[in-house]
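Order of the sequence lines fixes the chain letters, A, B, ..., with proteins taken first and strands second; residue numbering starts at 1 for each chain. Note that the structure is predicted; figures quoted are calculated from it, not measured.
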Amino acid sequence: QKEVEQNSGPLSVPEGAIASLNCTYSDRGSQSFFWYRQYSGKSPELIMSIYSNGDKEDGRFTAQLNKASQYVSLLIRDSQPSDSATYLCAVNKWDTGFQKLVFGTGTRLLVSP
Amino acid sequence: DAGVIQSPRHEVTEMGQEVTLRCKPISGHDYLFWYRQTMMRGLELLIYFNNNVPIDDSGMPEDRFSAKMPNASFSTLKIQPSEPRDSAVYFCASTPDSRETQYFGPGTRLLVL
């Protein structure tokens, strides 16, 4: 089992729809969760971070965390073509007394006009 | 702040040659990470440093890879000898706190012929 799993996609949604991206993780001790967006040929950039169960909203983006189910999701409301990118889920993991991030392989999102 | 700086942005070399990738983290960030990204394996952590000291190099593929951080503002990742399977995008990232988000550089696209 991979430490962080995501559906590779592509996830295709029409402009204006809600895009739902999902991620599961294996380490129950994980406490920090991040969603990064990566445009083709570019570096990952942080979209959302979430640390406690429930929802966290920022503009059109909502991150959802369920630690009992080891599940993190990202909802993008009113999807725009500019949201077309690969979305990486990242989860922290304790290792040798420090924490490091483990990334999923990403879900490719395509928003059609 | 200039962000994380990486050089070169692109590197094309022949199998067997030595390749050196460079990174300047964001000033004040005590943690520096080297990642490799490929379509097949996604974003993989190679090694990370805290206060210039290597903490975890378990992701370094083999002895052909080495990394150094001689001071707080500079790190190198060296591949010697390079092989075609090393072709990937190599990212450097930094953060002031290992529990928090990481800030990525623009990456170095390496092609080994």
K.L.:
Using links of under 4.5 Å between side-chain heavy atoms of ILVMFWY residues, direct or through other members, which residues join Ile5(B) in one cluster?
P.N.:
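Once heavy-atom contacts under 4.5 Å are chained together, Ile5(B) still belongs with nothing else.
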K.L.:
Test question: given the 4.5 Å side-chain rule for I, L, V, M, F, W and Y, name all other residues clustered with Val12(B), or answer none.
P.N.:
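So far as hydrophobic clustering goes, Val12(B) is joined with Leu111(B), Leu113(B).
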K.L.:
So which part of Ile55(B) gets closer than 4.5 Å to some heavy atom of chain A, the side chain, the backbone, both or neither?
P.N.:
both
K.L.:
Indicate if Val102(A) and Leu46(B) have the same hydrophobic cluster label, given that clusters are the connected sets of ILVMFWY residues with side-chain heavy-atom separations under 4.5 angstrom.
P.N.:
no
K.L.:
Each residue besides Leu110(A) in its hydrophobic cluster should be listed here, by chain and number; the cluster joins Ile, Leu, Val, Met, Phe, Trp and Tyr at side-chain heavy-atom distances under 4.5 Å.
P.N.:
none
K.L.:
Quick check on the hydrophobic clustering: are Phe61(A) and Leu88(A) connected, directly or via other members, by side-chain heavy-atom contacts under 4.5 Å?
P.N.:
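No, separate clusters.
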K.L.:
A quick test of your reading: do over 12 heavy atoms of other residues, nucleotides or ligands sit less than 6.0 Å from CG of Asn71(B)?
P.N.:
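More than 12 within 6.0 Å, yes.
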K.L.:
What are the sub-3.5 Å donor-acceptor pairs between chain B and chain A, distances to 0.1 Å?
P.N.:
{"unit_1": "Gln37(B)", "atom_1": "OE1", "unit_2": "Gln38(A)", "atom_2": "NE2", "d": "2.9"}
{"unit_1": "Gln37(B)", "atom_1": "NE2", "unit_2": "Gln38(A)", "atom_2": "OE1", "d": "2.9"}
{"unit_1": "Asp56(B)", "atom_1": "OD2", "unit_2": "Lys100(A)", "atom_2": "NZ", "d": "2.7"}
{"unit_1": "Arg99(B)", "atom_1": "O", "unit_2": "Ser32(A)", "atom_2": "OG", "d": "3.4"}
{"unit_1": "Glu100(B)", "atom_1": "OE1", "unit_2": "Tyr51(A)", "atom_2": "OH", "d": "2.7"}
{"unit_1": "Thr101(B)", "atom_1": "OG1", "unit_2": "Tyr36(A)", "atom_2": "OH", "d": "2.6"}
{"unit_1": "Gln102(B)", "atom_1": "N", "unit_2": "Tyr36(A)", "atom_2": "OH", "d": "3.0"}
{"unit_1": "Gln102(B)", "atom_1": "O", "unit_2": "Tyr36(A)", "atom_2": "OH", "d": "3.2"}
{"unit_1": "Gly105(B)", "atom_1": "O", "unit_2": "Ser43(A)", "atom_2": "OG", "d": "3.3"}

K.L.:
Rounded at 0.5 Å granularity, tell me how far CZ in Phe104(B) sits from CG in Leu46(A).
P.N.:
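Reported to 0.5 Å precision, the distance equals 10.0 Å.
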K.L.:
Does one hydrophobic cluster hold both Leu32(B) and Val89(B), with members joined at side-chain heavy-atom distances below 4.5 Å?
P.N.:
no
